[in-house]
There are 2 protein chains.
Amino acid sequence: MSGKTVLIVDDEPAIREMIAVALEMADYECLEAADAREAHALIIDRQPDIILLDWMLPGTSGIELARRLKKEETTADIPIIMLTAKVEEDNKIRGLEVGADDYITKPFSPRELVARLKAVLRRATPPGIDAPIEVDGLTLDPSSHRVAANDSFLNVGPTEYRLLQFFMTHQERVYTRSQLLDQVWGGNVYVEERTVDVHIRRLRKALGERHDYLIQTVRGAGYRFSTQPA
Amino acid sequence: MSGKTVLIVDDEPAIREMIAVALEMADYECLEAADAREAHALIIDRQPDIILLDWMLPGTSGIELARRLKKEETTADIPIIMLTAKVEEDNKIRGLEVGADDYITKPFSPRELVARLKAVLRRATPPGIDAPIEVDGLTLDPSSHRVAANDSFLNVGPTEYRLLQFFMTHQERVYTRSQLLDQVWGGNVYVEERTVDVHIRRLRKALGERHDYLIQTVRGAGYRFSTQPA
DNA sequence: CCCCAGTGTTACAACCATGTGACAGGTGTT
DNA sequence: AACACCTGTCACATGGTTGTAACACTGGGG
């Protein structure tokens, strides 16, 4: 599934363990390090996809480690999420300043952690970042952030755009409302599942009769984007 | 939303209960058996997705049961996790020798149990879980949630879809109406057994004359999905 | 050949998932 | 402040789906 590798850097074994369990439940592979030295070794050796980095560390501090990682070319594009017990705005600013991609204050729920991590990973993973996708006269162009049907541009809202983009990059497969909330909304938000229906509706309307067949309802399951009519 | 069924085999009711509670919190359905005989009956009847098997059992020992299960073709691919109070390396080796997929020594934390169980399930779950199943021109594709016959898509309702999916993943074997209710409807619902007949009928109709021979009536017993005409 | 349990088939009412329009709050712009 | 836009949620409409009963049929045993 995800198969992503997460490096957890915290000097508290109990905290590392808690995080690891939560992440493993969500199907991530976990590495653990207690200090900056261990962390650096693992980063070089195992090349994790993302790093959870505690603010406070014995020896080299977390923020210092982050700064160094972001300076080195080979490690600069590994996303970093900073963890901290303090609720000081200062830290947040300094953390993001050195290149952390997100910032979580302890205590946090495992759910929140997983959600944020997921969000950062998705955001940070640029696969074929801006190749336009075209299906049966319907074109979505990420670079211009526009949707066109046979020449004329369509007026789709931000959420509908993300929804359509997700669908066009994941065709021929059913997604439950819950999955769509995770993938399109971002997982860390709480919204009703029925909200998905409404946005589906809006997207269909925006696409017009010419193309709304592409978004298919699978009763009892979810929605599917497919060029082949139901 | 795992929906996986776990069979817990242990002669100590308190331990079964503890495990069951932990697993149910993690959204697994639990079955319980106190000895090998009960266990075997439940395995045949309910076909759990994984078995937690205590080393020590009155009568037939856990290891003996494991050995038998792994010898029978119909049960050989059900993952088994051995539980034991002893910390003897011997047991571990013998346990894995007979085909157990993992091994946990008591006492263990619920977390550890769930984590291991999940790992085993993930590992043991054939990657083909999402792969389309094809039989004589009849194709069921779980990822797109579609059923096709030779090219054209078939219109099957949610229940018929689940029924067909179950049959196609459990071919050449007779299932009673009761078993089908457990497997397809979900065990803890009360519906008339005759309801199965009706859905069988609907599924047959949906499949059309070309394929309805696949679903065969076994008078006095139940139904069977088989490529070989009755 | 008749009878009866078992199964096929149909109809139907209740239910449930989804479609749809409206609305209120929020955000940013002018 | 007024405005346009977007968002999430609700209430209601609609149509598909479901379980059940009722009746027709079948096959095997007496």
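Letters A, B, ... mirror the listed sequences (proteins, then strands); counts begin at 1. Please read all numbers here as calculations on a predicted model, not as lab measurements.
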Could you tell me how far apart [X] ([atom1]) and [N] ([atom2]) are, to the nearest whole angstrom?
X	N	atom1	atom2	answer
A:D197	C:dA17	CG	P	11 Å
A:I215	C:dT18	CD1	P	15 Å
A:R204	C:dT18	CZ	P	11 Å
B:R177	C:dG8	CZ	C1'	11 Å

Test of understanding: with side-chain hydrogen bond (donor to acceptor under 3.5 Å, both in side chains), list the residues that count as partners of [X], not counting sequence neighbours.
X	value
A:S144	A:D141
A:E134	none
B:Q171	none
B:H211	none

request  = Could you pick out which residue, B:K205 or A:T217, lies toward the 5' side of DNA chain C when each is mapped onto its nearest nucleotide?
outcome  = B:K205
message = I'd like to know if B:D212 pairs up with B:K205 as an ion pair, taking the criterion as any Lys NZ or Arg NE/NH1/NH2 lying under 4.0 Å from an Asp or Glu carboxylate oxygen.
response = no
task = Using the test salt bridge (Lys or Arg N to Asp or Glu O under 4.0 Å), find all partners of A:R194 that sit at least two apart in sequence or belong to another chain.
result = A:D197
Under 3.5 Å, N/O pairs linking protein and nucleotides 1-3 of chain C:
none

Any A:Y223 side-chain N or O less than 4.0 Å from OP1/OP2 of C:dA17 =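 Result: no.
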Please table the atom pairs, donor to acceptor, closer than 3.5 Å between any side-chain atom in residues 151-158 of chain B and protein atoms at least two apart or in another chain.
none

Could you go through nucleotides 6-15 of chain D and list every protein N or O atom that sits under 3.5 Å from one of its N or O atoms, giving the distance for each pair?
from: D:dT7; atom 1: OP1; to: A:T159; atom 2: N; distance (Å): 3.0
from: D:dT7; atom 1: OP1; to: A:T159; atom 2: OG1; distance (Å): 2.6
from: D:dT7; atom 1: O5'; to: A:T159; atom 2: OG1; distance (Å): 3.4
from: D:dG8; atom 1: OP1; to: A:W185; atom 2: NE1; distance (Å): 3.2
from: D:dG8; atom 1: OP2; to: A:W185; atom 2: NE1; distance (Å): 3.4
from: D:dG8; atom 1: OP2; to: A:H199; atom 2: NE2; distance (Å): 2.7
from: D:dG8; atom 1: N7; to: A:R202; atom 2: NH1; distance (Å): 3.3
from: D:dG8; atom 1: O6; to: A:R202; atom 2: NH2; distance (Å): 2.5
from: D:dT9; atom 1: OP2; to: A:E192; atom 2: N; distance (Å): 2.7
from: D:dT9; atom 1: OP2; to: A:T195; atom 2: OG1; distance (Å): 2.6

request  = Sort and list the pairs that fulfil salt bridge (Lys or Arg N to Asp or Glu O under 4.0 Å) and have at least one residue in residues 178-189 of chain B, not counting sequence neighbours.
outcome  = B:R46-B:D182
ask   = Touch check for A:Y161, heavy atoms < 4.0 angstrom, all strands: base, sugar-phosphate only, or nothing?
value = nothing
